[in-house]
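Written below as structure tokens is the structure these notes are about.
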Amino acid sequence: MSVRRLYDASLMGALALLVLLCMVDLAICSSNFTDQLALLSFKSSIKNDPNNVLSNWTKETNFCGWAGVLCSRRRQRVTGLLLGGMGLEGTISPRVGNLSFLQLLDLSNNSFYGHLTDEIGHLRHLKTLYLFLNMLEGNIPLGLHHCQRLEVISLAGNKFRGRIPKELSTLTSLSELALEQNELIGSIPPSFGNISSLEGFGLEENQIYGNFPTELAQLPNLNLIYLALNYLIGPIPPAIFNKSSMVQIDLNGNAFSGNLPTNNGLFLPNLEVLLLDHNQLTGNIPSSLSNSSNLTMLTLAVNLFTGTVPKHLGNLKHLEVLHLFKNQLTNEPGSIELSFLTDLTNCTSLVHLLVGGNKLSGTLPNSIGNFSNTLQELDVSESQLIGTIPKEIGSLRNVNVLGLANSNLNGNIPSTLGEIESLQRLYLGGNNFHGSIPNEICLLSNLGELYADENKLSGSIPSCIENLRGLQVMTLSHNKLTFTPSSLWKIETLRDLNLSFNSLGGSLDPNIRPSKVLEIVDLSWNQISGSIPRVIGSFQSLTSLNLSRNSFSGPIPNTMGNLITLDYLDLSHNNLSGQIPKSLEALSHIQYMNFSCNKLAGEIPNEGPFMNLTSQSFMENEALCGNPILKVPPCASNSSKKSMIKINLRYILPLIAVMLIFSIGVYIVKRNHGNNVQSQNLIDLYATMEHRTISYLELRRATNDLCEANLLGVGSYGSVYKGVLSDGTIVCCETTRHRNLVGVITACSNPEFRALLYSHNSCLNLLQRIGIMIDVALALEYLHYGQLEPVVHCDLKPSNVLLDEDMVAHVADFGIAKILG
């Protein structure tokens with residue numbers, strides 16, 4: 001019996017265990033299904049997947065095998081979603097919050113946009129959140145503070161706005177908070193000083209204002225802090241400089257003020273990067289910085305530092321970048337040379353040394369040639385240097401940028417400069433260099449920019465200049481140069497050429513090679529003569545051309561109208577003659593043009609850019625004409641010539657025709673001299689009919705009761721009928737007959753209709769039009785002079801001219817005609 005009971009008990013236990021296992025399996029299956037739905041919802045929010053990363057995300061496959069998905073080994077729950085840098089575009093689905101076991105979410109460097117869902121706060125196991133380099137916007141979700149296991153939050157490089165949630169200070173495990181390059185505003189919450197685990201804090205390129213909280217500077221484990229390019233003010237907390245853990249400090253581009261700690265107040269033995277440039281810091285540069293033996297970058301530029309450059313900076317063997325430019329630093333008292341440069345030659349890793357824009361005075365030491373081969377950039381510009389450039393400068397074989405501009409250096413440009421084989425940019429402008437440009441300059445095969453303006457250089461530009469096959473900018477203005485070799489125009493890479501304010505003479509080679517890349521040419525204030533080469537119109541990238549204050553002569557090439565990219569053109573104060581080419585009207589981008597003080601003549605173009613020019617652009621020329629607003633006389637323009645042609649066709653030709661007809665008439669009268677009595681009787685007949693009054697009744701009878709068969713036309717002044725009086729006379733009243741006149745009935749006491757002559761034929765050739773004008777002119781001549789009393793038509797217009805089948809014109813509509821007694 002007891003065995004039976006024991007068997008039953010074992011059986012019941014096995015059944016209970018089986019049920020429990022089934023329940024666990026069902027729970028796991030249900031949870032797995034939740035993860036699958038969340039992932040599929042995430043996929044549905046993706047609008048663009050250019051690399052087909054999510055192509056295997058289908059229901060037919062296990063989601064733990066999907067691209068970018070990590071699962072726990074035992075429960076098969078999603079623990080990681082790694083899709084950084086996949087080119088995905090879309091929104092982040094709120095269903096991501098259902099991945100309750102997710103520990104790592106990396107969607108960085110994609111194109112996710114929209115708001116970050118607040119459901120992200122449901123991920124209670126989340127440790128790492130990488131969303132940097134996307135286009136997310138809106139506020140940072142407050143729900144993030146529920147993710148108490150978070151160790152890293154990187155939201156940098158998005159468009160988040162609003163304030164920094166102070167609730168994030170409750171994340172006691174947080175070691176890195178990166179919020180750089182967003183649109184955040186407000187101040188830094190002092191409560192962040194409670195996150196004792198915080199090691200890295202980034203807020204670069206936001207709109208954060210206020211002070212740097214002392215609480216944040218006192219965090220025990222802080223080693224990286226990036227607050228650059230904000231609006232922070234006040235002093236930098238001294239505690240930040242007395243922290244042995246600090247590795248990188250970037251506070252540049254704010255408005256911090258005050259002094260840096262001195263007297264060994266800096267204790268940064270592990271510091272590698274210190275960036276404090278573009279602030280308002282004052283006082284001396286702490287000499288204790290030399291104790292930061294791991295320092296690789298030190299930038300204190302654009303501040304108000306005074307005093308000298310600490311000698312012991314030369315002990316920094318790992319220093320690669322030293323920026324001290326634009327402060328108020330001075331040289332060692334009593335030193336006649338920049339001795340700190342000698343000290344810095346001990347920095348065997350130095351790559352960039354920029355110390356210009358200070359109050360440094362003295363000479364460049366000969367030791368300048370002792371810098372390490374690592375040096376690539378040396379700039380001592382805008383200082384108070386004196387003396388010459390040491391010939392040892394040629395030892396800097398790997399320097400690619402050399403800045404010695406805007407000082408008081410003098411003497412010749414040393415030929416040893418040609419030994420700096422890597423030199424790409426050379427700045428020598430604003431000094432007192434004299435003599436000629438050394439031919440050795442042509443050895444700098446990598447030179448891209450040459451600035452030697454505002455010196456006293458003389459002679460010729462070296463003819464070997466064409467060897468500088470990569471030269472893009474050459475500025476030699478404000479010197480005493482006298483000759484430009486034609487080889488200069490063979491440099492195919494040249495973009496900007498400024499030789500203004502020299503003594504260059506001769507003429508430009510008419511066969512210079514047209515450039516495809518040259519954008520700016522300034523040859524103004526020289527003595528160049530001859531004509532402007534026509535080939536200048538082939539410089540297809542030219543945006544600015546200044547040839548003013550020279551002795552150019554001849555015409556302005558019409559090829560300049562091809563310079564469609566041109567926005568600045570100055571040809572003033574030359575001896576140019578001829579007309580301003582009309583082709584320049586095509587320069588649609590031009591903003592400034594000046595043709596003043598030349599010998600130009602003819603009409604000023606009036607279209608395109610010329611519509612916006614003032615008289616200042618054309619004054620003091622020989623015989624320009626055009627719009628009076630430009631303070632020039634009006635032109636006998638082409639339109640006036642066309643008007644003269646029309647006048648000739650309209651008046652002169654008809655007059656000739658009238659004179660011809662008159663001559664023929666005189667001949668006929670003389671031939672029929674014997675018939676004078678008959679002619680006199682005809683005149684008497686007209687005289688007797690002159691004042692005859694026709695009644696309305698007789699008028700109706702003469703026109704067959706105003707029958708339409710006798711209607712000659714209907715016009716704006718009445719109707720014109722042909723009528724025969726009772727005695728058979730075709731009545732004209734005061735209107736006479738002529739080949740080019742339409743006979744009409746004259747005065748009536750009840751004028752209800754007026755005549756109108758109109759032709760529907762509008763396709764007339766030139767000869768037909770001339771013929772019509774002659775016919776009309778003959779008709780008017782007859783009305784005015786061909787009878788005893790002149791008749792004035794008073795309403796002559798094209799619609800009152802009727803054309804018959806032979807295209808002979810007949811003038812009609814005498815409704816308002818006047819008879820002059």
Side-chain angles (χ1 to χ4, degrees), residues 132 140 150-157 160 163-166 168-169 171-182 184-261 265-281 286 288-289 291-292 294-301 303 321 323:
F132 59 89
I140 297 174
L150 266 173
E151 298 174 359
V152 177
I153 299 176
S154 182
L155 307 180
F160 287 112
R163 294 180 175 270
I164 305 169
K166 61 182 180 180
L168 297 182
S169 60
L171 299 173
T172 56
S173 298
L174 196 63
S175 63
E176 180 182 342
L177 178 59
L179 305 176
E180 304 98 317
Q181 298 175 338
N182 280 286
L184 300 171
I185 61 172
S187 58
I188 302 172
S191 58
F192 278 15
N194 299 328
I195 313 175
S196 59
S197 58
L198 196 63
E199 298 178 4
F201 181 54
L203 268 177
E204 284 184 44
E205 295 186 50
N206 280 282
Q207 300 175 37
I208 305 300
Y209 51 81
N211 295 318
F212 184 164
T214 302
E215 296 86 347
L216 184 63
Q218 293 173 340
L219 287 172
N221 297 304
L222 192 66
N223 57 65
L224 304 173
I225 186 158
Y226 307 111
L227 302 179
L229 301 172
N230 280 287
Y231 301 97
L232 296 168
I233 60 173
I236 301 172
I240 203 73
F241 299 113
N242 193 21
K243 193 178 297 298
S244 60
S245 62
M246 289 305 303
V247 176
Q248 295 186 13
I249 301 175
D250 185 359
L251 306 180
N252 77 79
N254 283 282
F256 288 119
S257 57
N259 298 351
L260 298 183
L266 275 78
F267 180 67
L268 301 166
N270 296 303
L271 190 66
E272 297 177 1
V273 175
L274 177 59
L275 309 180
L276 301 178
D277 52 287
H278 292 82
N279 280 286
Q280 300 172 20
L281 300 172
S288 54
L289 276 172
N291 296 326
S292 302
N294 293 323
L295 201 61
T296 61
M297 295 181 65
L298 175 60
T299 67
L300 306 176
N303 277 285
V321 176
H323 289 179

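Basis for what follows: all heavy atoms, side chains included, without hydrogens, waters or symmetry-related copies.
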Between S169 and F192, the two heavy atoms sitting closest are CB-CD1, 3.7 Å

L198 backbone acceptor or donor facing N221 side chain under 3.5 Å: no

Closer than 3.5 angstrom, by distance alone: can the side chain of S173 be matched with the main-chain N or O of E151 as a donor-acceptor pair? no

Within the 4.5 Å heavy-atom criterion, are N223 and N270 side-chain neighbours or not? no

Might you point out which heavy atoms bring R163 and S187 nearest each other, and give the distance in Å? NH1-N, 4.0 Å

Heavy atoms only: give me the nearest E205-N230 pair and the separation to one decimal. N-ND2, 4.0 Å

Check for a donor-acceptor pair, side chain of S175 on one end and backbone N or O of S197 on the other, with a separation under 3.5 Å. no

Within a strict 4.5 Å, meaning less than it, do heavy atoms of the T296 and V273 side chains meet? yes

Side chains of F201 and L227: closer than 4.5 Å at any heavy-atom pair? yes

Do the non-hydrogen side-chain atoms of S292 and L266 ever get within less than 4.5 Å of each other? no

Side chain to side chain contact (heavy atoms under 4.5 Å, CB included) between F241 and L268, intermediate numbers included: CA-CA 6 Å; F241 299 113; L268 301 166; 4.0 Å; yes

Taking C-beta and beyond as the side chain, do L168 and I195 meet within less than 4.5 Å on heavy atoms? no

Hits for side chain to side chain donor-acceptor pair (under 3.5 Å) against E204, two or more places apart or cross-chain, chain-then-number order -> none

State, yes or no, whether a side-chain contact exists between L177 and L171 at a heavy-atom distance under 4.5 Å. no

Between M246 and I225, is the side chain to side chain contact (heavy atoms under 4.5 Å, CB included) condition met? List the steps. CA-CA 8 Å; M246 289 305 303; I225 186 158; 3.8 Å; yes

Minimum heavy-atom separation for F160 and N182, please, with both atom names. N-OD1, 3.0 Å

Regarding D250 and N252, do their side chains bring together a donor and an acceptor under 3.5 Å, going by distance alone? yes

Side-chain donor or acceptor of N206 paired with backbone N/O of L184 under 3.5 Å: yes

Are the side chains of L224 and V247 in contact, using a 4.5 Å heavy-atom criterion? yes

Contact between L276 and I236 at the side-chain level, heavy atoms closer than 4.5 Å - yes or no? yes

